[in-house]
Each structure stands twice: as structure tokens, then as C-alpha cells.
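For ligands, and for the atoms within them, numbers begin at 1 and follow the listed sequence. Keep in mind it's a predicted model, so treat the numbers as computed, not measured.
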Amino acid sequence: MTLKLISHKLCPYVQRAVIALKEKGVAFERIDIDLANKPDWFLKLSPLGKVPVLVVRSAESEVALFESNVICEYIEETQAGARLHPADPLTRAQHRAWMEFGSAILGDLWGLETTQDAATFAAKRDALAAKFARVEAALGEGPYFAGAQFSLVDAVFAPVFRYFDVFDAYGDLGIFAATPKVRAWRDQLAQRPSVQTAVGADYPELLRAFLARHDAYLLKQAA
Ligand SMILES: N[C@@H](CCC(=O)N[C@@H](CS)C(=O)NCC(=O)O)C(=O)O
């Protein structure tokens, strides 16, 4: 079986799949596409025209999986290596719920990036801080979401935090001020090799250029 991940260099949903594959030590091919100019072959594979897509090829078939959390689950179920889900069904279900929460937070983050006025920016920032307060309440003693064991919840949140690394360069957004456990978790994830290598060295530069294209309030604040 071969695995091919259709990717975009900035996409946090792609990164969670990359982190899961790297944590498992699985070989895969990564193909970056331009989302502003999607190739026809990609549009045929991806029903919503979104990355990531994982193309699973065997002697019998070639299947294109979409939806990042589904891709992570498939990787966990089929690949050897470290277990990225807890064995207990109830705890596993809780983990899946927090993986969904990680996607919801990304939606809020997207709103923050593309906001162009101060009042909307402040409201969105506060909404995001409130969501991280819920994460704070769910965290234990660390270092990872579930304690000592790195899990798919960590794979989902690591790229969320990585976005903030770039925002931090533009001043403290105040989002993590009241969430010390989230801050410690974020610092821990930043040291994980799978997380560090999930994006290229050009990531910060590409993200800044992306924000500039969206005329983000965030960048104006820094000017
Ligand atoms: N629910 C999807 C979201 C993926 C997603 O939004 N990907 C973005 C890039 S980060 C995308 O492909 N956008 C292209 C578009 O919507 O045209 C998942 O979890 O895989």
C-alpha cells in the first residue's frame, strides 16, 4: 500500500495528518498544490475542493480520502507504530470530540485573520480566548492532552498553536493570558519533532504573505 497526501504548505488541517503519519513513522509522498489555482486532477479527487486528501493505493484499488480527522483515524487504524488514541472507548470518544473542537477553533482563527476593523477583531479575539478557557479546563497535568502519551488531539492542536507563533510576532493578542496550562501544552508541542517538521522553513514567510493578501487587521496593528 502507498500513501500520497495532497497538501498545501500553510494548511493546518494538512499538518495534523502529517503529524499523525510522522508519529507513526509511516512513509508517504506529499504533493503541495496551489489552492488559488486548483488542478483538475485534484478537483476530481476532492468533493469540496479542499486539502488534505489522502490517496490510498493498493494492488486492487486507489481510494481518495478527504476530511482531515477521518484521515487521522484511518492512519491510526491501519498503521503500526505508536498508538495515537486511548484504548478505552469512552475516553476515545472524548478525544474525538476535542479533535472536532480543534477544527472549530480553526474556524474562529480564520475569522480573526481576515477581520479588518478593531471592534470585530476584539470581539473575535475574546470569543477565541473563551474557547481556549474551555481547553484549559479539559487539560490535566500534561505534558500532552492525555498526560504522558502523545495523541491525535495533540496532532490536531499543534498546528492551531503554530498559527499563533506567527501572530505573536505582531504583539501579544492576549488570548493565552489566562490559560497557563494551554501555554505549557503549546510550548511542549512546539518541541515535538513531528510538529517541527510538519511545515517547511518557508512557513512563517508564507503565512505573513497570506495575511498581507487578506489585508488582515493583525498586520495593520503591527505597522
Ligand atoms: N473540514 C476539512 C477542512 C479542510 C480545509 O478547510 N482546507 C482548506 C485549506 S486549510 C482548503 O482546502 N481550502 C480550499 C477551499 O476551500 O477552496 C478538513 O478537516 O479536512
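Ligand 1 has no N or O atom lying under 3.5 Å from any N or O atom of L35, backbone or side chain. For a threshold of 3.5 Å applied to N or O pairs, the pair formed by S68 and ligand 1 contains at least one separation below that value. Taking any N or O of K38, backbone or side chain, at least one lies under 3.5 Å from an N or O belonging to ligand 1. The shortest N/O to N/O separation between Y13 and ligand 1 does not fall below 3.5 Å.
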Evaluate side chain to side chain donor-acceptor pair (under 3.5 Å) for T91 paired with R96, printing each intermediate quantity in order.
CA-CA 9 Å; T91 317; R96 288 181 172 136; over 6 Å; no
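From the protein, the heavy atom lying nearest to atom 1 (N) of ligand 1 is E67 OE1, 2.8 Å. Counting protein heavy atoms only, atom 8 (C) of ligand 1 is closest to V51 O, 4.0 Å. Annotation: atom 9 (C) of ligand 1 to nearest protein heavy atom, C11 SG, 3.4 Å. Taking atom 16 (O) of ligand 1 as the reference point, the nearest protein heavy-atom neighbour is K50 NZ, 3.1 Å.
In this structure, K131 pairs ionically with D108, as a charged nitrogen and a carboxylate oxygen lie closer than 4.0 Å. E136 and K181 are not joined by a salt bridge, as no carboxylate oxygen comes within less than 4.0 angstrom of a charged side-chain nitrogen. In this structure, K124 does not pair ionically with D126, as no charged nitrogen and carboxylate oxygen lie closer than 4.0 Å.
Contact annotation: the side chain of V51 never approaches that of S7 to less than 4.5 Å [non-hydrogen atoms, C-beta and beyond].
Against a heavy-atom cut-off of under 4.0 Å, P52 is close to the following atoms of ligand 1: 20 (O). Short contacts between ligand 1 and G49, defined as distances under 4.0 Å to a heavy atom of the residue, involve ligand atoms 14 (C), 15 (C), 17 (O).
In H8, neither the side chain nor the backbone holds a heavy atom less than 4.0 Å from any atom of ligand 1.
Of the N and O atoms on the side chains of E77 and H85, not one donor lies less than 3.5 Å from an acceptor on the other residue. Between the side chains of Y203 and R162, no donor N or O sits under 3.5 Å from an acceptor N or O.
Remark: distances from the non-hydrogen atoms of S103 to ligand 1 are all 4.0 Å or more.
For H95 and F145, the ring centers are positioned less than 6.0 Å apart.
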